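First the structure, in the form of structure tokens, and then the observations on it.
Numbered from 1 within each chain, the chains take letters A, B, ... in sequence-line order. Only a predicted model underlies this, so the values are computations on that prediction, with no experimental measurement involved.
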Protein chains: 2
Amino acid sequence: MGASLKDVARLAGVSVKTVSNVVNEYQHVSEATRSRVQEAIDQLGYRPNLTARHLRYGRSGIIGLALPELGIPYFAELAEEIIGAAERESWSVLIDQTDGRGDRERLTSSGARSRTIDGLIISPLTLDAEYLAGLRADLPLVLLGEQVGPGTADLVAIDNVTAAREATEHLLGLGRRRVAAIGDQRVSPGGTATLRLQGYREALAAAGVEYDPELVVPAESYHRPDGAAAMRLLLSLADPPDAVLCFNDLLALGALRTLLAAGLRVPADVAIVGVDDIEDGRFSTPTLTTIAPDKTQIAEAAVTMLLERVNGLATPPRSVTARHTLLVRESTHLRGLAQE
Amino acid sequence: MGASLKDVARLAGVSVKTVSNVVNEYQHVSEATRSRVQEAIDQLGYRPNLTARHLRYGRSGIIGLALPELGIPYFAELAEEIIGAAERESWSVLIDQTDGRGDRERLTSSGARSRTIDGLIISPLTLDAEYLAGLRADLPLVLLGEQVGPGTADLVAIDNVTAAREATEHLLGLGRRRVAAIGDQRVSPGGTATLRLQGYREALAAAGVEYDPELVVPAESYHRPDGAAAMRLLLSLADPPDAVLCFNDLLALGALRTLLAAGLRVPADVAIVGVDDIEDGRFSTPTLTTIAPDKTQIAEAAVTMLLERVNGLATPPRSVTARHTLLVRESTHLRGLAQE
DNA sequence: CTGAAAGCGCTTACAG
DNA sequence: CTGAAAGCGCTTACAG
């Protein structure tokens with residue numbers, strides 16, 4: 001295949017060490033030697049073998065990114081940011097999709113446990129403890145969005161309670177009093193859904209609106225069809241909602257579809273807020289009001305913390321709270337464009 | 001850090017070769033030896049070092065996937081399929097984003113040229129020749145969607161001419177005669193856009209409708225804002241269109257937004273067709289008629305062809321034409337749900 | 001059925 | 001400023 005250091009050394013008539021010095025741009029190589037070596041490199045089309053370099057260094061230069069699925073825009077957008085942040089530090093990213101049919105199979109077949117990664121950024125949204133247990137014990141880990149067990153690893157997340165409270169306050173501020181919530185999940189006790197539900201309830205309580213369990217609809221997953229189905233359920237109530245907080249934008253877009261298909265007006269009849277700020281919501285009709293997490297900040301914090309761990313940092317687990325912003329768009333704004 | 005084969009061998013009182021035999025499940029290891037070795041493995045928590053294995057084998061077990069950006073749903077969905085197909089063959093996927101600000105910088109900084117990959121699947125939609133030139137000459141390559149130069153590498157794509165012709169015929173079949181096209185690009189002569197434009201023109205010609213260059217609007221990139229802007233341009237014409245073929249779904253969703261915001265009805269006033277069948281179009285209002293490429297087939301063909309090359313196959317470049325289907329939804333179907 | 005040794009391509013003390 | 005040698009952890013002929 002390709003030429004090795006040894007080949008270059010032979011051709012240039014120098015030692016392997018000298019070639020290595022040139023390749024790695026070390027000082028103290030005479031100009032004459034350097035150019036002779038460079039010539040040999042060009043002539044042979046030599047390229048360093050990173051695998052060998054990694055073996056020597058005891059690391060691969062690759063970090064893993066474990067996500068439920070890239071088909072969910074929020075994760076795709078986040079992956080984009082994380083790959084960018086990692087590349088800026090000269091690291092590569094290997095993506096592992098964890099959701100869908102057969103977590104276990106995939107875990108085994110892809111050899112995630114012993115795979116060539118120096119660290120892992122993982123979004124545990126739908127991950128069971130089993131997945132984590134299957135990982136190398138010494139693998140540096142950063143959790144995205146959600147704690148798994150107490151103080152397991154570094155964490156970066158937005159303040160979910162506050163975010164949900166602000167979104168709900170916004171809906172209440174429009175004068176709505178039948179505010180529903182879509183996306184409840186009881187899988188993980190301290191999970192995202194639980195925190196968002198808490199924020200929702202805090203806002204209701206502060207406004208003196210009674211909490212009605214009937215208005216809280218769970219979602220098995222956070223895709224558009226789940227939101228659509230949940231909204232159909234809410235519309236079938238004797239006293240249906242006039243506003244909905246959806247725990248992500250995909251649920252909100254599904255709910256929106258159900259409302260429009262039922263001939264209802266958004267936001268005139270029902271106002272909607274989502275979470276994530278995916279691009280879809282900026283071009284739907286009506287456009288979608290949402291809580292926008294600072295994805296760039298999340299990606300950069302995750303990569304920074306992970307690389308610190310990879311480089312040997314040994315402090316107790318840390319936690320970064322990323323910024324979030326409520327973006328008011330047409331789905332809650334009566335003078336919006338597409339009101340008809 | 002972790003234990004090596006040597007450590008296990010020492011603890012079990014056997015040679016390294018024997019441990020390797022056990023780990024790789026070779027025949028001809030006595031049951032007694034096997035269990036003794038297995039015990040040592042468990043005790044030390046030994047895991048094979050893949051980097052070393054890869055160095056030995058002369059390959060990394062990793063393939064690269066170079067895409068414009070994951071933020072474009074079509075690419076995210078395709079990446080999902082490709083990662084899945086690769087994992088089924090026990091290969092990992094490293095993603096390289098090529099678009100956006102500073103292709104060149106990223107190419108250099110990420111070391112794509114010498115990176116640890118055994119082969120590359122690349123979607124050259126927005127890639128310049130420079131990127132390809134920067135790659136290892138001996139790197140097995142599969143192109144996605146679009147040829148770059150004649151017979152450069154294996155290719156998998158749908159029949160773009162036929163797909164565009166069918167979509168246009170569908171619009172003409174609704175009785176529309178002012179059929180616009182959004183997404184023209186003159187960057188690459190034999191590129192996707194050129195082929196789709198050709199199919200569009202063939203359909204017009206076959207229906208005896210005169211080709212009006214005014215109705216063909218270029219798009220610099222294929223995002224929602226490009227589609228929205230192009231549609232605004234079309235609406236400003238003296239004789240605006242009553243149907244639009246968009247060269248991808250994102251353009252179509254952008255165009256849809258412009259139409260609805262302008263108070264027009266879709267499809268009553270203007271019918272729309274896209275290409276890609278991304279999930280967004282299944283939940284927009286109205287839902288989006290589209291050409292659906294068989295993404296699973298594309299992913300599997302690409303991975304299969306690439307791995308064949310990696311394994312030494314040396315035939316001339318091959319070409320796979322993937323299936324596509326026209327999915328008729330509300331944006332061209334008058335009796336659709338959300339007509340109001 | 002098992003062992004001792006070479007080598008994948010690199011870097012890094014250790015000499016000179 | 002440059003060389004010779006060891007070693008990262010693995011697999012694979014080659015012996016026995």
Taking only side-chain nitrogens and oxygens of [X], does any of them come within less than 4.0 Å of OP1 or OP2 of [N]?
{"X": "B:Ser30", "N": "C:dT2", "result": "yes"}
{"X": "B:Tyr46", "N": "D:dC10", "result": "yes"}
{"X": "B:Asn21", "N": "C:dT2", "result": "no"}

> salt bridge (charged side-chain N to carboxylate O under 4.0 Å, His left out) with A:Arg36: which residues, sequence neighbours excluded?
Replying inline: none
> Can you name the salt bridge (charged side-chain N to carboxylate O under 4.0 Å, His left out) partners of A:Glu300, sequence neighbours left out?
Replying inline: A:Arg88
>> Under the rule for side-chain contact (heavy atoms from CB on, under 4.5 Å), what residues qualify as partners of A:Arg318, not counting sequence neighbours?
In response: A:Asp154, A:Met305, A:Glu308, A:Arg309, A:Leu313, A:Thr315
>> Under the rule for side-chain contact (heavy atoms from CB on, under 4.5 Å), what residues qualify as partners of B:Val310, not counting sequence neighbours?
In response: B:Arg59, B:Trp91, B:Asp118, B:Pro140, B:Leu306
> Listed by chain and number, what are the side chain to side chain donor-acceptor pair (under 3.5 Å) partners of B:Thr304, not counting sequence neighbours?
Replying inline: none
> Considering residues at least two apart in sequence or located in another chain, which fulfil the side chain to side chain donor-acceptor pair (under 3.5 Å) criterion with A:Ser30?
Replying inline: A:Thr33
>> Please determine whether side chain to side chain contact (heavy atoms under 4.5 Å, CB included) holds for the pair B:Ile83 and A:Asp96, giving the CA-CA distance in whole Å, both sets of side-chain angles, and the decisive distance to 0.1 Å.
In response: CA-CA 8 Å; B:Ile83 291 174; A:Asp96 197 22; 6.0 Å; no
To the nearest Å, give me how far apart [atom1] ([X]) and [atom2] ([N]) are.
{"X": "B:Ile41", "N": "D:dC10", "atom1": "CD1", "atom2": "C1'", "answer": "14 Å"}
{"X": "A:His54", "N": "C:dC8", "atom1": "NE2", "atom2": "C1'", "answer": "16 Å"}
{"X": "A:Leu55", "N": "D:dG9", "atom1": "CG", "atom2": "P", "answer": "7 Å"}
{"X": "B:Lys6", "N": "D:dT11", "atom1": "NZ", "atom2": "C1'", "answer": "15 Å"}
{"X": "B:Asn49", "N": "C:dC8", "atom1": "CG", "atom2": "P", "answer": "18 Å"}
{"X": "B:Glu31", "N": "C:dC1", "atom1": "CD", "atom2": "P", "answer": "11 Å"}
{"X": "B:Arg53", "N": "D:dT12", "atom1": "CZ", "atom2": "C1'", "answer": "14 Å"}
{"X": "B:Asp118", "N": "C:dC8", "atom1": "CG", "atom2": "C1'", "answer": "14 Å"}

Any protein N or O atoms within reach of nucleotides 3-6 of chain C? Criterion: under 3.5 Å, listing atom names and distances.
| unit_1 | atom_1 | unit_2 | atom_2 | d |
| --- | --- | --- | --- | --- |
| C:dG3 | OP2 | B:Ser15 | N | 2.7 |
| C:dG3 | OP2 | B:Ser15 | OG | 3.0 |
| C:dG3 | OP2 | B:Thr18 | OG1 | 2.8 |

> Nearest 0.5 Å, what's the CD1-CG distance between A:Ile62 and A:Leu120?
Replying inline: 13.0 Å
> Which side-chain hydrogen bond (donor to acceptor under 3.5 Å, both in side chains) pairs, counting each pair once, include a residue from residues 8-17 of chain B, with sequence neighbours left out?
Replying inline: B:Ser15-B:Thr18
>> Need to verify one output field. Residue with the more 5' nearest nucleotide on DNA chain D, B:Thr51 or A:Arg36?
In response: A:Arg36
> Relative to the 5' end of DNA chain C, which residue comes earlier, A:Ser20 or B:Ala52, by the nucleotide with the nearest heavy atom?
Replying inline: B:Ala52
> In dot-bracket form, how is DNA chain C paired, counting a Watson-Crick or G-U wobble pair only if both its distances are under 3.5 Å and using | for bases paired to another strand?
Replying inline: |||.||||||||.|||
>> As a test of reading the structure: which of C:dT2, C:dT11, D:dT2 is closest to the side chain of A:Leu5, going by heavy atoms?
In response: C:dT11
